[in-house]
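Notes for the one structure printed next.
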Amino acid sequence: MKFNKHTTHESVPHHVTGTATYTDDLRPTIDLLHLYPVLSSHARAKINQIDYSLAQQFPGVVTVITPEDITGINNTGIVSLDEILLPTNEIYYHSQPIIWIVAETEAAARDGAKQVTIDYTPLEPILTIQQAIEANSFQGEPQIIQRGNSHLALEKAEYTLEGELEIGGQDHFYLETHVSWVTPDAEGNYQVYSSTQHPTETQIMVARVLGIPRSQVVVTCLRMGGAFGGKESQSNPIAAIAALAAQKTGQSVRVRLKRNHDMIVTGKRHGFLGKYRVGFNLEGKISALDVDLYSHGGWSLDLSLPIMGRALFHIDNCYYIPHLEVRGNVAKTHTVSNTAFRGFGGPQAMVIIEDVIDRISRFLKLTPLEIREKNFYHGTGETNTTHYGQELFDNRLHQIWSQLKQESQLEQRMAQMREFNQSHAYEKRGLAITPVKFGISFTKSEYNQAGALILIYLDGSIQLNHGGTEMGQGLHSKMLQVAAKSLGVNIDRFRVMPTSTDKVPNTSATAASSGSDLNGQAIKNACETLKERLAPVAAKLLDLYAPEDLVFADDWIYSATNPNLKVGFDEVIGQAYLERISLSATGYYRTPNISWNPQTGKGRPFHYYAYGAAVSEVQVDRFTGTFKLRQVDIVHDVGNSLHPLVDRGQIEGGFVQGMGWLTMEELVWDNRGELCTYSPSTYKIPTVADIPENFHISLLEKAEQPGVIYGSKAVGEPPFMLAISVREAIRESIAAFGDTQQVKLASPATPEAILRAIEILD
């Protein structure tokens, strides 16, 4: 089944006219109050005294929120209770919110915050991964996955290389900053509007902090102006603070972070340090890999452990390595608590294995292309099985690779690149092709479930509720397609309702690229229930005796053997109401056949894999270190696309965001632990000028995936890693400036980093 490739995003009319409603666009209530934080001026310190007496007297200030106001638990930790909402004795990172000012206007709250004075005793902070290693400062237990005996295999290897790579973090830089709006009622209940990827978890945290049952908290997410993982867990403290103020004052309260506060206060993509030793032979076949991964966790655990777990899963990328051991540790530092970001640890691990591939190729004086192809997963059994024991039954890598080489005219362009480089001393071009294999599912099995609620009204209009959140990625658009197809009615009948915990409870985050897979199946399940109820009604109206043979399509219900024998959908629901048959249904889905044993490091954590490959061509300037992305060619596997236009947008956006992470988005802290890059003027993200005119995307044809909603595949995260091809193309350009066995390229590959790499060759 093919879906219409020209169907637009469901919110396009609202986006282009400015009528799309986000949390901050709600109509203000008469009694609406505003919050503003007082931030720490130290990365680590003891709190001796806080004086907010002048703030309380400031015009417009209503009250101050302190730890004493918390009636429940002063903690929003999601894995363990290690994330204090309001510090009581000690500061854990620079610019940590200490107390919040509640006022009648934002300006009054901001000015009131300036009246607060805090007396500290500064303590020595740990600010980097290296400092954490030296201080043995880690969070959680080390994680290990191994296959074979990497140490013995390294001893027997024909050649070995050692290396390390430090990879920078990344700010989410969503257009809409964190915002929450809480309204209490007179009976002790709270309506929370939050820009959150995980309404259920936000509900849990608000209830925990207020000390009330979860049933008294309803969390609604209208839509988000971007999230990328940054609103999976870190929306929780923002909503909790607003709820505390609402509880204390009995009035509606809004928190809306300014851009600089959002960047300073919230976590980022984890920076990583990878130390590796690899064994291989003269042909470039890898026999053994031993890796230590360290992630920059920050002051609290957040999602750092599962993020490290996914890094361990993806250290192989697309390569069969007979003997592999990878160990992961999360560094505990006095910085913001880093969190989920598109790819969830997978990108960092993939950059490291591609660094290994490049090291081997230059040592053997072979091309990286040759080394990649010689080490791909292939065949069946052992050579097509990951280091954690999951076989790639759906391995489409070779098909994608072959198609991309042909479509991109790779061999011809490589010859043109060499010719250009020979005739240009101060500008060099680089061309690289890199693959992606990304596992789809939450690696914590219980998160792989979803619910839906469908309400049919007697005028034929339908409300569609599901547990996924819309953050611009087109999830609602896909779910409309699924619902219309499953129920056999026109898509215009549906209204997608805001995601809310009082409609679909106990949901998982919209994350792990699983939003369409999980919620789509739940919606289909609800539609099947409704059709089972409606089919006998239609059969009676048609004087038929086999309701199971009826077909629902195009607003009609008709006989499969005699399509001319049909009855309209509206007539059937009207008759169903008269016969007292329910016109609403819940749906449910849980992903089958997944398992993971962290003790043995073995299992089947993923429902399937998404594959892709990209060719990038760049041109580097010797004097400035700047690069120009000349052309990108991508072949990506989205299965049988639910929404081709949305999927193409996700591939383009993911690639560009990945390129930004690897080439320009540099986070800089000073030696006091204060973030220096906290605005668009100091933190560079890609613009339209960075996107090449020649940007070609092909969706893999005839790629229906069994066991997934209508044969589709996830597309949110996998394209992000395609941008590794840009980094590797830059490395090729740098290598063309000299003859070397190694190109030491920092990540991100900023102009300064590129210049340093070129200078090493001189």
Side-chain angles (χ1 to χ4, degrees), residues 1-8 10 450-468 475-498 500 502-504 516 518-590 640 642-643 704 707-712:
M1 187 201 76
K2 290 289 183 182
F3 288 91
N4 189 343
K5 67 180 180 180
H6 300 297
T7 303
T8 61
E10 52 89 25
L453 171 64
I454 295 179
L455 310 173
I456 302 176
Y457 295 91
L458 287 180
D459 64 352
S461 64
I462 307 170
Q463 285 188 355
L464 172 62
N465 299 270
H466 63 88
L475 176 62
H476 283 349
S477 301
K478 287 188 172 184
M479 296 304 93
L480 283 169
Q481 298 271 62
V482 169
K485 171 64 181 176
S486 301
L487 200 53
V489 297
N490 192 297
I491 200 168
D492 294 334
R493 289 180 179 269
F494 289 93
R495 176 191 174 194
V496 184
M497 302 303 292
S500 191
D502 62 346
K503 298 293 178 60
V504 183
S516 295
L518 296 175
N519 295 289
Q521 294 281 29
I523 289 168
K524 186 172 183 289
N525 178 250
C527 290
E528 295 297 333
T529 298
L530 287 166
K531 288 196 294 185
E532 287 175 7
R533 296 177 191 163
L534 294 174
V537 178
K540 283 185 196 177
L541 291 172
L542 294 171
D543 291 326
L544 297 175
Y545 299 97
E548 65 274 10
D549 293 335
L550 292 178
V551 176
F552 288 66
D554 302 321
D555 283 336
W556 293 95
I557 304 171
Y558 59 86
S559 169
T561 56
N562 184 6
N564 291 323
L565 197 60
K566 61 184 180 180
V567 61
F569 182 79
D570 288 348
E571 185 177 349
V572 173
I573 62 173
Q575 184 62 32
Y577 174 77
L578 294 176
E579 296 184 19
R580 295 182 293 178
I581 293 172
S582 173
L583 294 174
S584 67
T586 59
Y588 179 76
Y589 174 75
R590 61 178 182 179
N640 180 33
L642 292 174
H643 201 304
E704 185 170 336
V708 190
I709 184 69
Y710 290 123
S712 65

Just wondering, do Tyr457 and Gln463 contact through their side chains at under 4.5 Å, heavy atoms? yes
Taking C-beta and beyond as the side chain, do Leu534 and Phe552 meet within less than 4.5 Å on heavy atoms? yes
Quick one: list whatever passes side-chain contact (heavy atoms from CB on, under 4.5 Å) with Ala546, sequence neighbours left out. Glu548, Asp549
So do the side chains of Leu565 and Tyr558 get within less than 4.5 Å of each other, counting heavy atoms only? no
Heavy-atom nearest pair, Asn519 first then Gly451, reads OD1-O, 4.0 Å
Between Ser477 and His643, which heavy-atom pair has the shortest distance, and what is it? CB-CD2, 3.8 Å
How close do Lys524 and Ile709 get, counting heavy atoms only, and between which atoms? CD-CD1, 3.6 Å
Could you tell me the separation between the CD1 atom of Ile462 and the CG atom of Asn490, rounded to the nearest 0.5 Å? 9.5 Å
Are any of the side-chain heavy atoms of Ser559 and Leu544 separated by less than 4.5 Å? yes
How many angstroms lie between CG in Leu642 and OG in Ser712, if you round to the nearest 0.5 Å? 3.5 Å
Output for pair (Asn640 CG, Tyr710 OH), nearest 0.5 Å, gives 11.0 Å
How many angstroms lie between CG in Leu487 and CD in Glu528, if you round to the nearest 0.5 Å? 9.0 Å
Quick one: closest heavy-atom pair of Val567 and Ala538, and the distance? CG1-CB, 4.0 Å
Taking all non-hydrogen atoms of both residues into account, name the closest pair between Leu480 and Glu10 and its distance. CD1-CB, 3.7 Å
For Asp554, is the CG atom crowded, meaning more than 12 foreign heavy atoms sit under 6.0 Å from it? no
Drop me the distance from Phe494's CZ to Leu464's CG, to the nearest 0.5 angstrom. 6.5 Å
For a side chain to side chain contact (heavy atoms under 4.5 Å, CB included) check, start with the C-alpha distance between Asn465 and Val496, then their side-chain angles and the critical distance, and finish with the verdict. CA-CA 6 Å; Asn465 299 270; Val496 184; over 6 Å; no
Can any side-chain N or O of Lys503 pair as donor or acceptor with the backbone N or O of Ala452 at less than 3.5 Å? no
Answer yes or no: is there a side-chain heavy-atom contact under 4.5 Å between Val537 and Ile557? no
Please lay out, stage by stage, how Arg533 and Ser582 fare under the test side-chain hydrogen bond (donor to acceptor under 3.5 Å, both in side chains). CA-CA 8 Å; Arg533 296 177 191 163; Ser582 173; 3.2 Å; yes
Please test His466 against Leu475 for side chain to side chain contact (heavy atoms under 4.5 Å, CB included), starting from the C-alpha separation and ending with a verdict. CA-CA 10 Å; His466 63 88; Leu475 176 62; 3.8 Å; yes
At their closest point, which heavy atom of Ser516 faces which heavy atom of Lys478, and how far apart are they? OG-CD, 3.3 Å
Could you list the donor-acceptor pairs under 3.5 angstrom formed between side-chain atoms of residues 569-577 and any protein atom two or more places apart in sequence or on another chain?
residue: Asp570; atom: OD1; partner: Arg493; partner atom: NH1; Å: 2.8
residue: Asp570; atom: OD1; partner: Arg493; partner atom: NH2; Å: 3.1
residue: Gln575; atom: NE2; partner: Glu579; partner atom: OE2; Å: 3.1

Interatomic distance, OG1@Thr586 vs CD1@Ile454, rounded to 0.5 Å, equals 10.0 Å
